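Basis for what follows: all heavy atoms, side chains included, without hydrogens, waters or symmetry-related copies. Here the structure is a predicted model, which means the values were calculated and not measured. Quick note: residue numbers are just sequence positions, from 1.
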Amino acid sequence: IVGLGASMQHGCTSGHGLTGLARLSLRSWVAVPTFMAAGMLTATLSQSAQAFPPDAQTEAEVPKWYVGSAVAAISAVVLAMIGAVFRWVGRRGDERAKRSPCCLVNSSWGLPSGAAWS
């Protein structure tokens with residue numbers, strides 16, 4: 001079943017999640033949220049969370065939701081700024097980038113998004 005799904009979606013979940021998102025592939029930006037939604041739906045309907053009851057000490061140590069939201073927002077802004085710098089530098093010196101905007105976008109987002117996901 002996994003092989004059939006991978007061939008139908010032209011790649012596996014990790015390939016879409018790591019490489020496809022970093023390359024700004026539209027197919028991956030559709031596939032990854034679909035994988036995640038299907039996983040959440042399956043976990044919810046199968047009630048698999050009840051296999052591991054919550055631990056009070058662990059729950060007390062988890063940061064509040066707004067801390068995670070602030071970190072995610074700051075990370076998104078930093079990544080956008082890094083991408084803008086790479087794009088600006090690429091436009092200044094690379095003649096190929098002036099002729100092919102696709103190469104410029106891939107190179108400007110590949111490093112920052114790869115660094116964020118690793």
Side-chain angles (χ1 to χ4, degrees):
I1 294 176
V2 172
L4 177 65
S7 66
M8 288 174 59
Q9 293 301 318
H10 303 286
C12 63
T13 54
S14 61
H16 279 294
L18 297 174
T19 307
L21 293 178
R23 295 183 66 192
L24 300 177
S25 167
L26 178 61
R27 179 179 304 201
S28 294
W29 281 96
V30 171
V32 171
T34 303
F35 299 150
M36 297 301 283
M40 288 186 280
L41 182 66
T42 302
T44 301
L45 294 178
S46 67
Q47 298 178 350
S48 61
Q50 293 179 359
F52 299 102
D55 178 39
Q57 181 181 358
T58 306
E59 292 291 323
E61 295 173 0
V62 173
K64 300 295 182 201
W65 67 269
Y66 49 84
V67 174
S69 298
V71 170
I74 291 169
S75 299
V77 169
V78 168
L79 283 175
M81 291 170 62
I82 290 172
V85 168
F86 273 97
R87 188 173 183 163
W88 179 73
V89 169
R91 283 191 177 171
R92 287 188 62 213
D94 192 345
E95 289 298 316
R96 288 182 301 133
K98 291 178 183 174
R99 286 180 285 170
S100 175
C102 177
C103 293
L104 180 62
V105 171
N106 285 340
S107 64
S108 66
W109 282 102
L111 179 65
S113 61
W117 291 109
S118 64

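Hydrophobic clustering, with ILVMFWY side chains joined whenever heavy atoms are under 4.5 angstrom apart, groups M36 together with W29. In this structure, V32 is not a member of the same hydrophobic cluster as L41, with clusters built from ILVMFWY side-chain heavy atoms closer than 4.5 Å.
Taken to the nearest 0.5 Å, the CG atom of L21 stands 12.0 Å off from the CZ atom of R23.
The two residues G20 and S28 make their nearest non-hydrogen contact at CA-OG, 3.2 Å.
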